[in-house]
Amino acid sequence: MTDLSAFPITTRWPATHPDRLQLYFFPTPNGVKVSIALEEMGLPYEAHTVNIGKDESWTPEFLSLNPNGKIPAILDPNGPDGKPLVLFESGAILVYLAEKTGKLIPADAARRYETIQWVFFQMANVGPMFGQLGFFHKFAGRSIEDKRPLERYRDESRRLIGVLDKRLAGRQWIMDDEFTIADVSLLGWMRNLIGFYEARELVGFDSFANVARWLEQGLARPAVQRGLEIPPRG
Ligand SMILES: N[C@@H](CCC(=O)N[C@@H](CS)C(=O)NCC(=O)O)C(=O)O
């Protein structure tokens, strides 16, 4: 039986199945990347809800896993060389899981780097810009009179959707007919932008036909649906 007691996180979020990959997350666009990937890969895992609305990611137990205090994070009891591996940053987790399973990543070396490039595109651009747009459009920043921050993030978000739209012209997925971690990294963010953030009109989403078609097809995948419903909600 695998013993994870050396990891303080397991005192607050105990592992029922310590032999399985432990996922600590909340169903945000960054969190669902990992649950979607795990569902697509068919890797056994145990999901623990870290309620960021209650600041649980800032508890000493969670900080022992991710000093940056952000979900998602994983503890894989079967990491490299059979040793446990702790990892945070959703992009790093996606690359790790893809390499571990050989799934959601092309076998060809050049195409692997191209896939990782698009994951970085999401991590360095789409996530931070959409997140700020959400803040200034829907949350606390909404009441700020000076609209320049909102306009700045709106324009940049729109530009980024345009970049993705061009990439998807004539392609089913970002890497042609292969559904990869690049798609996984972006689906939840695009869904969130027009859903929870209510920014569909603000960014002119309907003028990006390739992205709209890609999003619809991505969300229709059964494993994506399952990943979005973790943890099960009544
Ligand atoms: N670059 C990080 C971003 C993670 C992140 O921003 N997580 C947010 C939720 S989407 C969070 O944990 N926020 C909690 C807080 O800041 O209190 C990643 O992709 O893993």
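Just so you know, ligand 1 is whichever comes first in the structure, and atom 1 is the first atom listed for that ligand.
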Asks: For atom 10 (S) of ligand 1, which protein heavy atom lies nearest, and how many Å away is it?
Replies: T28 OG1, 3.0 Å
Asks: Can you pull out the closest protein heavy atom to atom 2 (C) of ligand 1? Residue, atom name and distance to 0.1 Å, please.
Replies: E89 OE1, 3.3 Å
Asks: Indicate, with yes or no, if the rings of Y197 and F135 have centres closer together than 6.0 Å.
Replies: no
Asks: How close do S35 and F25 get, counting heavy atoms only, and between which atoms?
Replies: OG-CE1, 3.6 Å
Asks: When you measure from the heavy atoms of G127 to every atom of ligand 1, does any distance fall below 4.0 Å?
Replies: no
Asks: Does an N or O anywhere in G69 fall below 3.5 Å from an N or O of ligand 1?
Replies: no
Asks: One thing to verify: whether K100 and D76 come together as a salt bridge, which I'm taking to mean a side-chain N less than 4.0 angstrom from a carboxylate O.
Replies: yes
Asks: Pick whichever of K70, E56, K54, Q122 has a heavy atom sitting closest to atom 13 (N) of ligand 1.
Replies: K70
Asks: Does either side chain, that of N30 or that of T28, offer a donor lying less than 3.5 Å from an acceptor on the other one?
Replies: no
Asks: Please state which protein non-hydrogen atom is closest to atom 19 (O) of ligand 1 and give its distance, to 0.1 Å?
Replies: S90 OG, 2.6 Å
Asks: Measure the distance from atom 17 (O) of ligand 1 to every protein heavy atom, then report the residue, atom name and distance (to 0.1 Å) of the closest one.
Replies: W58 NE1, 2.8 Å
Asks: Between R159 and E156, does any side-chain N to carboxylate O distance fall below 4.0 Å?
Replies: yes
Asks: Considering both backbone and side-chain atoms of D55, is one of its nitrogen or oxygen atoms within less than 3.5 Å of a nitrogen or oxygen in ligand 1?
Replies: no
Asks: Side chain or backbone of I71 under 4.0 Å from ligand 1, or both, or neither, by non-hydrogen atoms?
Replies: both
Asks: Ignoring hydrogens and angles, state whether a donor on the side chain of Q22 or H48 is under 3.5 Å from an acceptor on the partner side chain.
Replies: yes
Asks: Only heavy atoms of P72, strictly under 4.0 Å: list the atoms of ligand 1 that pass.
Replies: 20 (O)
Asks: Taking atom types as modelled, find out whether D183 and W214 have a side-chain donor-acceptor pair closer than 3.5 angstrom.
Replies: yes
Asks: Between E99 and R112, does any NZ, NE, NH1 or NH2 come within less than 4.0 Å of an OD or OE carboxylate oxygen?
Replies: yes
Asks: Give the residue, atom name and distance (to 0.1 Å) of the protein heavy atom nearest atom 3 (C) of ligand 1.
Replies: N30 ND2, 3.5 Å
Asks: Do any heavy atoms of F88 fall under 4.0 Å from ligand 1?
Replies: no
